[in-house]
Amino acid sequence: MHRILDDPRVRALEAEVGRERIKRAAQEVLGRVRLSPNAEFETIVAAVVNAAEDLRRTSLRSVVNATGIVVHTNLGRAPLGADALAAVDEFGRGYCNLEFDLATGERGSRYTVVDELLREVTGAGGLAVNNCAAAVLLVLDTFARGREVVVARGELVEVGGGFRVPDVLERSGATLVEVGTTNRVYIADYERALSPRTALILRTHPSNYRIEGFVAAPEAAALVALGKHAGVPVVEDLGSGALVDLTEYGAPHERTVGEALTDGIDLVTFSGDKLLGGPQAGIVAGRSHLLARLRNNPLLRALRLDKLSLAALAATLECYRNESVRERIPIYRMLSTTPAELRARAQAYAAAVAAATIVDTSGYIGGGALPQASIASVGVAIGTSEPDALCARLRFGDPAIVARIEDDRVVLDLRTIAPSDDERVVARLAQEISGSPHKR
Ligand SMILES: *Cc1c(COP(=O)(O)O)cnc(C)c1O
């Protein structure tokens, strides 16, 4: 056992997997091996290394995102900026006035900070909960339980990760009233659907789904006018929640929170970790009297945001307030990197890895926004007879690299790789491709 645990190949995995887990893996391997008395030491070590690597793969690990998808839901969406991380560090380490009013020495509200920041950034106050799904659920539960919600048929989408608009509606106890057809809906359709039981008119962002061609939908302002006339709030689930104009980053236009509020939408819901560039959170912004009702719903207690996410969200919103989004929020830093800058970095890859060629690629914003809209990017492509196998080895290695396959080549898009990771990614590629022995 000692010989196994002291073997350098096993020790190399100790920091990540932990000595105790390696020991258990070794015991398990030895138990198996006892049945075959001639097993060689090398075979045993290899089996222990394999078992430890399996453990490492299934634990939460940081990965290099070489997909070019900036907000990648499966890779944890938006990376946090330095301000958010500093806030998490500070408030996680000690105590803070989360629900304590320092002026009076009495109980305060955890919802004040974000409300005030949102007011400055978007012009409307807001409330932050666990995620956007929770925000939508809270809105529906508060206003529409046992009543009707009017939604266009073409907006009854599944966003991914199990968020389906009709199902969330059903869960909240609201009755769905579908209007229009899959491709076309008119204001008259909404008008006809209104009844004394109508609680809300809901507009949802179709996210990663698009109908094109013979389509029609009323302008948000027309829905707002109808809602006002009928005394029914109009809610818009924006999902991505861009607070800035994406055309400034060379991306197509994406409806912003500010635009929805300017259109007169009563409540807007959006995520904290998509185009806002912050932690997982769901935000409801809009009219104060409606927000007050959300705050009084007992369900809020179950959906509330924890102090670390709250601290990270507040720090991220500060970047909007002091107009340092481009410099201080990682996804916007990535989006504002020019192809020329990416190309310069790609040259270092091509110089170190003979099989790598520089290619123009299409990056994506991701996170449910702008599904087809690509942003010009630069990557390196590696020709290989077995692209799937190379991709797998890159995922299994250290650092774990998630690349994509295009035209039978393995492509690493540089836009989503942090420049500070370039060196170790290059080293890993060189090691993999020069054919030097890799484990497994
Ligand atoms: C992503 C998305 C959601 C879910 O957001 P989470 O923060 O992941 O809960 C809801 N609605 C729309 C339109 C979305 O794009």
Checking S309 now: which residues fulfil side chain to side chain donor-acceptor pair (under 3.5 Å) with it, not counting sequence neighbours?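 S309 satisfies side chain to side chain donor-acceptor pair (under 3.5 Å) with D306 only.
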Could you tell me which residues satisfy salt bridge (Lys or Arg N to Asp or Glu O under 4.0 Å) with [X], sequence neighbours excluded, listed by chain and number?
X: R395; value: none
X: R304; value: E99
X: R326; value: none

Let me have the donor-acceptor pairs involving side chains of residues 126-151, under 3.5 Å, with sequence neighbours excluded, atom names and distances please.
| unit_1 | atom_1 | unit_2 | atom_2 | d |
| --- | --- | --- | --- | --- |
| N130 | OD1 | Q280 | NE2 | 3.3 |
| N131 | OD1 | A133 | N | 3.4 |
| N131 | OD1 | A134 | N | 2.9 |
| D141 | OD1 | R145 | NE | 3.1 |
| D141 | OD2 | N297 | ND2 | 2.8 |
| T142 | OG1 | L138 | O | 2.6 |
| T142 | OG1 | N297 | ND2 | 2.9 |
| R147 | NH2 | T198 | O | 3.0 |
| E148 | OE1 | S195 | OG | 3.3 |
| E148 | OE2 | R197 | NE | 2.9 |
| E148 | OE2 | R197 | NH2 | 3.4 |

Smallest separation among heavy atoms of D263 and A220, with atom names: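 Minimum heavy-atom contact is OD2-CB, 3.5 Å.
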So which heavy atom on V232 is nearest to which on D266, and how close?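 That would be O-OD2, 4.4 Å.
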What is the distance from atom CE of M334 to atom CG of L342, rounded to the nearest 0.5 Å?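 Those atoms lie 11.5 Å apart.
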Enter the distance from I211:CD1 to E155:CD here, rounded to the nearest 0.5 Å.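 Reported to 0.5 Å precision, the distance equals 9.5 Å.
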Counting C-beta onward and ignoring hydrogens, is there a side-chain heavy-atom pair between [X] and [Y] closer than 4.5 Å?
X: V380; Y: T357; value: no
X: T256; Y: V244; value: no
X: R164; Y: V157; value: no

Using residues 417-426 as the side-chain source, report each donor-acceptor pair under 3.5 Å to any protein atom, sequence neighbours left out, with the distance given to one decimal.
| unit_1 | atom_1 | unit_2 | atom_2 | d |
| --- | --- | --- | --- | --- |
| D421 | OD1 | R424 | NE | 3.0 |
| D421 | OD1 | R424 | NH2 | 3.4 |
| D422 | OD1 | R345 | NH2 | 3.0 |
| D422 | OD1 | Y349 | OH | 2.7 |
| D422 | OD2 | R345 | NE | 2.7 |

Say whether Y190 and R192, considering side chains only, have a donor N or O and an acceptor N or O under 3.5 Å apart.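 Per modelled atom types, Y190 and R192 side chains form no pair under 3.5 Å.
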Looking only at side-chain N and O atoms, does E341 offer a donor or acceptor that is under 3.5 Å from a partner on T338?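 The answer is yes; a qualifying pair exists.
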What verdict does the side chain to side chain contact (heavy atoms under 4.5 Å, CB included) test give for T181 and D189, after you've listed the backbone C-alpha separation in whole Å, the side-chain angles of each residue and the deciding distance to 0.1 Å? CA-CA 10 Å; T181 59; D189 293 324; over 6 Å; no
Test side chain to side chain contact (heavy atoms under 4.5 Å, CB included) on Y364 and I375 and set out the steps. CA-CA 6 Å; Y364 293 89; I375 25 177; 5.8 Å; no
